[in-house]
Amino acid sequence: MAIRSFLIFFIFFFFSSLNPILSLYEDQVGLVDWHQQYLGKVKQAVFHTHKTGRKRVVVSTEENVVASLDLRQGEIFWRHVLGSNDVIDGIDIALGKYVITLSSGGSILRAWNLPDGQMVWESSLRGSKHSKSLLLVPTNLKIEKDNIVIIFSNGRLNAVSCIDGEVLWEKDFEGESLEVQHVIQPTGSNLIYVVGFASSSLFEMYQINALNGELLKHESAAFSGGFLGEVSPVFSETVVALDSTGLILLTISFQNGKISFQQMPISNLVKDSFGPAKIIPSSITGIFAIKMNAVTIVIRVTNENKLEVVEKTNHETSISDALSISEGQQAFALVQHAGHEIHLRVKLAHNWDDNLLKESVKMDQHRGLVHKIYINNYIRTDKSYGFRALIVMEDHSLLLLQQGEIVWSREDSLASIIDVTTSELPVERDGVSVAKVEHNLFEWLKGHMLKLKGTLMLASPQDIAAIQSMRLKNSEKSKMTRDHNGFRKLLIVLTRAGKLFALHTGDGHIVWSHLLQSLQKSKVCQHPIGLNLYKWQVPHHHAMDENPSVLVIGKCGPSSGAPGALSFVDTYTGKELSSLSLVHSVAQVIPLPYTDSTEQRLHLLIDADKYAHLYPKTPEAISIFEREFSNIYWYSVEDDSGIIKGHALRGKCTGEVADEVCFDTRELWSIVFPSESEKIIATVIRKQNEVVHTQAKVIADQEVIYKYISRNLLFVATVALKGSGEIGSVTPEESWLVAYLIDTVTGRILHRVTHHGSQGPVHAVFSENWVVYHYFNLKAHRYEMSVIEIYDQSRADNKDVWKLVLGKHNLTSPISLYSRPDVITKSQSYFFTHSVKAIAVTSTTKGITSKQLLIGTIGDQVLALDKRFLDPRRTVNPTQAEKEEGIIPLTDSLPIIPQSYVTHALRVEGLRGIITVPAKLESTTLVFAHGVDLFFTQLAPSRTYDSLTDDFNYALLLITIVALVAAIFVTWTLSERKELQENWR
């Protein structure tokens, strides 16, 4: 009895040391996940550097973010992401304590508290006419002791109180055919000038009393040559514009309410000028700049409105707005590129010849050109003026320059990721020395002794800190080599700026970055656009000798017929191996499941004329492709016309486009959705690299059903034409949603289901033999999620599990997609609480682990939902056999479990996509969510059943085993002695 009690005690002690993790503890945050915050490309910036309070700069970005940054380190004090439909038109600081933002096409005006970012007030501005939105914060202009903000938007001029957002007065311009260019308030005046064009050749000026909105004067003047582009203000009552040809500069003066024009042909200013000019936006007293081709010309306007060229340069030049440094003095900055350096000059507006500041800063060539510059001044210890410059680069990065150095930088192009793929890290080659082994053994023993002290609650605060530090150090999560579990990888991301990044999955640090030449603006390509990212070469047999590479595909312009561009990049070094400017367009990219002897994957590029182009252009690739010629099929979706087509190859191209890698195509089938009744709103296919563990699925009563597994299944969602608008814009009777499952080889519709009274948007995910999609139910006024599972009935003879085990089945019989498939479907719908931004599904290396849906909610968090909740075989009262199988009782709604949020309490602001990547460990999948923010974590849908946790206490396990062995030996000895004594009696 004593032996049994002793064994029970030690077994309990042993299992308590296993310490299974059912939740995430505070000290584990950051061990397997990371979260990074970004802003996007800065559009506007306003400095706030008063002596009291922290020095900061407030910015607005192309991702509709307004944020306050620390000027010392570039860290975010606070920020607000306003949403994709709330575009920021302007920002400024009022009263030294409010950040004023104008957004949503000039219809929403907000004030934020400068120190903490709390919203103070919000005002909606009326108006129905679309117009340019302008924000002006006048200095020392008050209405009854109330500072005001002047807004022009939606065809109206408004004066709004800075204190509470009340509209004090408004002036209606909706009845006028006026295209407003600028709202100007002369310094120290109560007048406001509204200037713009009423037609292509009519200039108009309105003089308005800023105190009450009264129209004081209205003048208009025609110019026969017309106007081109925007105007640039050079004085309080003078602006500069271009005529319609772009070859003549117009100085437009409206002093004393009278409009006058002065013309100056650019050829008179610059003798060797050619081509139309463009005014560079700026606001500097007496100075403006124009650009003709690659030449930047800076021009001074005298008090007599005469024009003088003060500088002409072939270098790329950016000019800041004017900064008032003292009464009557304005400074501005110019930045010019020269090789690997940028030259920064700060000048006084009225004195071009002298420089207040002249510096050269070394700049990484992978940042591209300077796009914008903002300056701020400070007083040095010797009472002279010092300047700091905030620079926005071509790659969307943000830098602060001061005293000839880069103080800090932010890689904010990561806020606009357009595609993601992964790459393995290099294999570890170096051996390990004996000294290192001995050191590691000592550290191992020391670490586990500390863990033992922590388990027995004997650890001091210093020991606890040492345990945490050692845990982070020993995790080796940021090591630049592969690990045996496959957790360490490179995330290769392509951003809207055309920059490629490699992020380490361990801690999210940037391993390398490269601004691709093929996606940089040039004379040949003025509007490059990045499209997709594909794995190009993945060495398996030569992993020690060759580096993997990726293929980046872009095009030159937004049109469908724009020529394409290819770049090939080494994923270990970030080196651009080569680039190609294509003569054909890129409408569709098809990665083929074939590789050549160098392990380069074959890709088929379809152009706008439906010709197919093979890459790489090698004889071996062509030979492999021609062998598989008859097995290549693809489809195309024309959303606007409501047509889905299937395609195959016909033969080599003929005519002008003929070459060795060009192939003609033929149309196999087409499905036309009636344009008056249905509109395509979503299409989804399976991941091509998804692994399915088994086709058979054992259900209750030991029966077997077989999944219909096909890589050629396409899910299509259509909605009634009236229901294609915003949610609630139609009645339930006017809208319906139809879901299709289509075979893309034959064009056969395998399944069709109609959801009456439902509406998009639709978000869907396809995996194995099932598809889950999310939409809005107008009748129930709630969101719904539906699931469709498709099964193969041609295997119905193999229902007995023993036939499957003994091999008496027909699973090896050939399958052809041209034979009509005998399939059945099971479906079910459930209410779901949240609106959805994205849906993905976990993926593992062998496909054994249970699936979880990863749902990007409207709150910018990622929710993990077990696929069992979306099993169409759920019933209200499942049988005992179904319960044993894991069938959950049916409910009308899907549960939202707070502990199931993958992102914990964090938010991935502006969430756009969720990517899942299998690790080598079957239980674990890697999850990457991106938007304005980035988030990465490891997820184990069925728990880590195939590994021990990183903080497993091996020392305690060893001590427990030794104690058990010693206890068994002692009790056995005592038992033998007792038995011997009893035998002697």
Side-chain angles (χ1 to χ4, degrees), residues 41-42 44-49 55-57 59 69-75 280-289 291 294-300 309-326 329-412 515:
K41 184 181 181 181
V42 170
Q44 291 177 289
V46 184
F47 288 90
H48 184 268
T49 55
K55 291 179 173 57
R56 65 181 78 212
V57 58
V59 298
L69 301 179
D70 181 7
L71 266 184
R72 297 183 185 278
Q73 298 177 342
E75 295 177 350
I280 298 175
S282 63
S283 180
I284 307 168
T285 300
I287 297 287
F288 71 98
K291 191 168 185 178
V295 179
T296 302
I297 304 165
V298 182
I299 301 172
R300 178 166 54 197
V309 175
V310 292
E311 183 165 294
K312 175 189 170 187
T313 178
N314 293 323
H315 296 299
E316 286 290 335
T317 304
S318 295
I319 302 176
S320 74
D321 283 340
L323 170 69
S324 179
I325 56 175
S326 64
Q329 282 194 327
Q330 288 186 343
F332 67 99
L334 296 94
V335 174
Q336 293 178 338
H337 278 263
H340 295 287
E341 288 186 333
I342 62 170
H343 300 306
L344 171 65
R345 290 177 293 161
V346 178
K347 293 177 174 289
L348 287 172
H350 65 276
N351 184 8
W352 178 267
D353 298 328
D354 296 332
N355 292 316
L356 292 177
L357 179 72
K358 187 174 182 180
E359 295 176 343
S360 294
V361 182
K362 290 185 178 180
M363 189 64 63
D364 184 356
Q365 60 179 343
H366 295 309
R367 294 195 183 277
L369 304 175
V370 175
H371 274 193
K372 292 181 182 178
I373 177 172
Y374 306 90
I375 61 169
N376 175 247
N377 68 303
Y378 60 93
I379 305 297
R380 297 192 181 108
T381 54
D382 61 358
K383 305 300 180 180
S384 63
Y385 286 111
F387 293 89
R388 53 176 74 92
L390 190 71
I391 290 182
V392 183
M393 303 298 293
E394 184 179 1
D395 68 342
H396 297 187
S397 60
L398 187 66
L399 300 85
L400 184 73
L401 308 183
Q402 189 170 332
Q403 297 180 355
E405 295 182 353
I406 299 174
V407 180
W408 52 258
S409 64
R410 294 181 54 88
E411 295 290 353
D412 279 306
L515 185 62

Quick check: does any side chain N or O of [X] sit under 3.5 Å from a backbone N or O of [Y], one acting as donor and the other as acceptor?
| X | Y | result |
| --- | --- | --- |
| His371 | His396 | no |
| Ser318 | Ile373 | no |
| His337 | His315 | no |
| Asp321 | Ser283 | yes |

(Q) Side chains of Leu401 and Ile342, heavy atoms from C-beta outward: is any pair under 4.5 Å? (A) yes
Q: Taking the side chain as every heavy atom from C-beta outward, state whether Leu344 and Leu357 have any pair of such atoms under 4.5 Å apart.
A: yes
I need the [X] [atom1] to [Y] [atom2] distance, nearest 0.5 Å.
| X | Y | atom1 | atom2 | value |
| --- | --- | --- | --- | --- |
| Arg300 | Asn351 | CZ | CG | 8.0 Å |
| Ile375 | Leu323 | CD1 | CG | 5.0 Å |
| Arg72 | Lys55 | CZ | NZ | 6.0 Å |
| Phe332 | Leu356 | CZ | CG | 9.5 Å |
| Met393 | Lys372 | CE | NZ | 14.0 Å |
| Met363 | Ser409 | CE | OG | 9.0 Å |

Q: Report the residues that fulfil salt bridge (charged side-chain N to carboxylate O under 4.0 Å, His left out) with Lys291, sequence neighbours left out, ordered by chain and then residue number.
A: Glu316
At their closest point, which heavy atom of [X] faces which heavy atom of [Y], and how far apart are they?
| X | Y | value |
| --- | --- | --- |
| Leu71 | Thr49 | CD1-CG2, 3.5 Å |
| Lys347 | Trp352 | NZ-O, 2.7 Å |
| Leu390 | Leu398 | CG-CD1, 3.7 Å |

Any carboxylate oxygen within less than 4.0 angstrom of a Lys/Arg side-chain nitrogen, looking at [X] and [Y]?
| X | Y | value |
| --- | --- | --- |
| Arg410 | Asp412 | yes |
| Glu411 | Arg367 | yes |
| Arg345 | Glu311 | yes |

(Q) The test is side chain to side chain contact (heavy atoms under 4.5 Å, CB included); show your working for Glu405 and Glu359 and say whether it passes. (A) CA-CA 9 Å; Glu405 295 182 353; Glu359 295 176 343; over 6 Å; no
Q: Apply side chain to side chain contact (heavy atoms under 4.5 Å, CB included) to Val298 and Ile319, showing your working.
A: CA-CA 10 Å; Val298 182; Ile319 302 176; 4.3 Å; yes
